[in-house]
Colleague: 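What follows is a single structure, and I will ask about it in a moment.
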Amino acid sequence: MEVWEVIVLAEKQMVMTEAFYYILLSLNTPNHGYGIIQNTIELTDGRLELGAGTLYGAINTLLDRGWIRLYSEDKQSRKKKQYIITEQGKRALGQEIERLEELLENGRRVLHQGCVKLEGTNVRTGEEKEKEAGEDEEVQVIFG
């Protein structure tokens, strides 16, 4: 097995943290730490706010993995380091998106078969189907 095949295999098996995911998304264009934090807040509607320790620890790991690189640095200010995603980082992000899509697809398929209601979906429970049918109608509910 070639070295690059081992690296690709290792990347496929790794689950990306949410922080890594949003940092990589935020670095599609050059960005600095504060910009990454703001972008993550915006993308998640405020659900996720990266702390400085989490952010800079993740940045160091992403730099070590070669998934991001330093884009520019203002020597006068520690806040002016800008980073950008690398091709290797784009591949890792793409693999993570595929993994997440598989998770969603499998979850929806299994829940759909079991007729479990998910908020914001059209999947209904057997009890809800019976209520919709009314008292005079008989509803057959099959759980897979």
Colleague: Would you say W67 and M16 make side-chain contact, with heavy atoms under 4.5 Å?
Modeller: yes
Colleague: Keeping to residues at least two apart or across chains, list the side-chain hydrogen bond (donor to acceptor under 3.5 Å, both in side chains) pairs with something in residues 19-28.
Modeller: S26-N39
Colleague: Looking at residues at least two apart in the chain, or sitting in another chain, which of them share a side-chain hydrogen bond (donor to acceptor under 3.5 Å, both in side chains) with N106?
Modeller: R109
Colleague: Between Q88 and R91, is a side chain to side chain contact (heavy atoms under 4.5 Å, CB included) present by the stated rule, with each step listed?
Modeller: CA-CA 5 Å; Q88 187 177 354; R91 281 193 304 274; 3.6 Å; yes
Colleague: With sequence neighbours excluded, tell me which residues meet salt bridge (charged side-chain N to carboxylate O under 4.0 Å, His left out) with E87.
Modeller: K90
Colleague: Show every salt bridge (charged side-chain N to carboxylate O under 4.0 Å, His left out) that has at least one partner inside residues 20-34, sequence neighbours left out.
Modeller: none
Colleague: What I'd like to find out is whether the side chain of T40 reaches to under 4.5 Å of the side chain of L55, using heavy atoms alone.
Modeller: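 A side-chain contact under 4.5 Å is absent here.
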Colleague: By side chain to side chain contact (heavy atoms under 4.5 Å, CB included), which residues pair with T17, not counting sequence neighbours?
Modeller: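 For T17 the side chain to side chain contact (heavy atoms under 4.5 Å, CB included) partners, ignoring immediate neighbours, are A19, F20.
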Colleague: I need the H32 NE2 to I37 CD1 distance, nearest 0.5 Å.
Modeller: 10.0 Å
Colleague: What distance do L63 atom CG and R65 atom CZ have between them, rounded to the nearest 0.5 Å?
Modeller: 11.5 Å
Colleague: Other than I84, which residues form its hydrophobic cluster under the rule that side-chain heavy atoms must be closer than 4.5 Å?
Modeller: Y71
Colleague: To the nearest 0.5 angstrom, please state how far the CD1 atom of I68 sits from the CD1 atom of I36.
Modeller: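 Reported value, rounded in 0.5 Å steps: 6.5 Å.
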Colleague: Is the shortest side-chain N to carboxylate O distance from E96 to R99 below 4.0 Å?
Modeller: yes
Colleague: Do L62 and L27 have side-chain heavy atoms sitting under 4.5 Å apart?
Modeller: no
Colleague: Can you tell me how far CG of N31 sits from OH of Y83, rounded to the nearest 0.5 angstrom?
Modeller: 11.0 Å
Colleague: When rounded to the nearest 0.5 angstrom, what is the spacing between CD1 in I23 and CD1 in I85?
Modeller: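 It is 11.0 Å, given to the nearest 0.5 Å.
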Colleague: What residues, two or more places apart in sequence or in another chain, satisfy side-chain hydrogen bond (donor to acceptor under 3.5 Å, both in side chains) together with S72?
Modeller: Q82
Colleague: Do any pairs count as a salt bridge (charged side-chain N to carboxylate O under 4.0 Å, His left out) and have a residue in residues 17-27, sequence neighbours left out, and if so which ones?
Modeller: E18-R47
Colleague: Give the intermediate values and the outcome of side chain to side chain contact (heavy atoms under 4.5 Å, CB included) for residues L48 and I41.
Modeller: CA-CA 6 Å; L48 179 63; I41 290 170; over 6 Å; no
Colleague: Tell me every residue that passes side-chain hydrogen bond (donor to acceptor under 3.5 Å, both in side chains) with E49, counting only those two or more places apart in sequence or in another chain.
Modeller: none
Colleague: Which pairs with one or both residues in residues 27-45 pass salt bridge (charged side-chain N to carboxylate O under 4.0 Å, His left out), sequence neighbours excluded?
Modeller: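 Of all non-adjacent pairs touching residues 27-45, none passes salt bridge (charged side-chain N to carboxylate O under 4.0 Å, His left out).
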Colleague: Of all residues at least two apart in sequence or in a different chain, which pass the side chain to side chain contact (heavy atoms under 4.5 Å, CB included) check with L104?
Modeller: R108
